[in-house]
Amino acid sequence: MSKKQSVNSTLLTIGWREWVALPDLGIPAIKSKIDTGAKTSALHAFNIERYKKQSTEYLRFHLHPLQNNNDLTVVCHSPLLDQRYVTDSGGHKELRYVIQTTLVLNQNQWLIEMTLTNRDTMRFKMLLGRTAMHGRLIVDPNASFLTRKCKAIDYYQ
């Protein structure tokens, strides 16, 4: 077995879109586009508000976790990690809030950084960028939902 094969056998193979969970944010299921072209992960957020709790900066934000469903809104809270300029796929720079949260994919979980931005006009409410995937995942661009098939609305009822 070559060194490349032995390393790859420890990585989880996923498709170009997968169902993930963000338990720290109260999100049991959200469809994520796996985007190896994006350095940073991004999450749909609106009505973002900063506040302090015991001298720590927090964010309160709303999101629509399901595609084509603006009736379901989840209110999330997270410590503010940073603010960074991010260049989107159209070449526009935007100053975004950055949070750190737990990502659950299949039976695996780890901390990732995510920027918050309004993705109402985008098909996917979440992008999983390559920084969050590094050393953990292999992407099969011909496959979808290799780790979990679900009817997401069931998680919110």
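The figures that follow rest on heavy atoms only: side chains count, while hydrogens, waters and symmetry mates do not. Nothing fancy with the numbering, it's 1 onward along the sequence. For clarity, every value in this text was computed on a predicted model and none was experimentally measured.
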Verdict with supporting geometry, Glu94 and Thr87, side chain to side chain contact (heavy atoms under 4.5 Å, CB included) = CA-CA 6 Å; Glu94 178 185 27; Thr87 305; over 6 Å; no

Please step through side chain to side chain contact (heavy atoms under 4.5 Å, CB included) for the pair Thr13 and Leu137, ending with a clear verdict.
-> CA-CA 6 Å; Thr13 299; Leu137 305 172; over 6 Å; no

Chi angles and distances behind the side chain to side chain donor-acceptor pair (under 3.5 Å) call for Gln67, Lys125 = CA-CA 7 Å; Gln67 284 178 283; Lys125 301 299 182 179; over 6 Å; no

Could you go through the side chain to side chain contact (heavy atoms under 4.5 Å, CB included) check for Arg60 and Tyr51 one step at a time?
-> CA-CA 8 Å; Arg60 175 186 302 108; Tyr51 66 96; 3.8 Å; yes

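Partners of Arg84 according to the side-chain hydrogen bond (donor to acceptor under 3.5 Å, both in side chains) rule, which considers only residues two or more places apart in sequence or in another chain, are Asp82, Glu113. Checked against side-chain hydrogen bond (donor to acceptor under 3.5 Å, both in side chains), Gln109 has no partners two or more places apart in sequence or in another chain. Here Phe124 pairs with Trp16 under the ring-ring contact (aromatic ring centres under 6.0 Å, His included) rule; sequence neighbours left out.
To the nearest 0.5 Å, the span separating CG on Leu25 from CG on Leu63 amounts to 7.5 Å. In this structure, CG in Leu103 is found 9.5 Å from CG in Asn108, a value given to the nearest 0.5 Å. With values rounded to the nearest 0.5 angstrom, Glu18 atom CD is found 11.0 Å from Lys31 atom NZ. The CZ atom of Arg96 sits 8.0 Å away from the OG1 atom of Thr40 when rounded to the nearest 0.5 Å. Atom NE2 of His77 and atom CG of Asp24 lie 13.5 Å apart (nearest 0.5 Å). Atom CG of Leu12 and atom CD1 of Ile138 lie 9.0 Å apart (nearest 0.5 Å).
Contact check for Thr115 versus Tyr97: no side-chain heavy atoms found under the 4.5 Å cut-off. Contact of the Val20 side chain with the Thr147 side chain is not registered, since no non-hydrogen atoms from C-beta on lie closer than 4.5 Å. A heavy-atom distance below 4.5 Å is not found between the side chains of Ile99 and Leu80.
Geometrically, Arg50 does not engage Tyr58 in a cation-pi contact defined by less than 6.0 Å to the ring centre and at most 45° from the axis.
Residue Glu49 places its CD atom among more than 12 non-hydrogen atoms of other residues, nucleotides or ligands, all under 6.0 Å distant.
Taking all atoms of both residues into account, the shortest heavy-atom contact from Ile14 to Leu146 is C-CD1, 3.6 Å. Contact between Ser32 and Leu127 at its shortest, heavy atoms only, is OG-C, 3.9 Å. Annotation for Pro23 and Thr102: closest pair CD-O, 3.5 Å, computed over non-hydrogen atoms. The minimum heavy-atom distance between Arg119 and His44, with the atom names listed, is N-ND1, 2.9 Å. Residue Leu128 comes nearest to Met133 through the heavy atom pair O-CE, 3.1 Å, listed as atom of the first residue, atom of the second, then distance. Heavy-atom minimum distance, Ala132 versus Ser41: CB-OG, 3.6 Å.
If you chain together hydrophobic residues whose side chains sit under 4.5 Å apart, Phe61 and Met122 never meet in one group. Connection of Ile27 to Leu72 is established within a shared hydrophobic cluster, with ILVMFWY side chains joined at heavy-atom distances below 4.5 Å, either directly or through further cluster members. Trp110 and Met114 fall within a single hydrophobic cluster, where Ile, Leu, Val, Met, Phe, Trp and Tyr are joined by side-chain heavy atoms under 4.5 Å apart, directly or via other members. Clustering ILVMFWY residues whenever any of their side-chain heavy atoms sit less than 4.5 angstrom apart, transitively, puts Val104 in a cluster other than the one holding Ile30. Side-chain heavy atoms closer than 4.5 Å link hydrophobic residues (I, L, V, M, F, W, Y) into clusters, and following such links, possibly through other members, connects Leu66 to Ile34.
Between Asp35 and Arg130 no salt bridge is recorded (no basic side-chain N to carboxylate O distance below 4.0 Å).
Panel note: side chain Thr131, backbone Lys39; a donor-acceptor pair is recorded below 3.5 Å. One N or O on the side chain of Asn69 and one on the backbone of Asp71 form a donor-acceptor pair closer than 3.5 Å.
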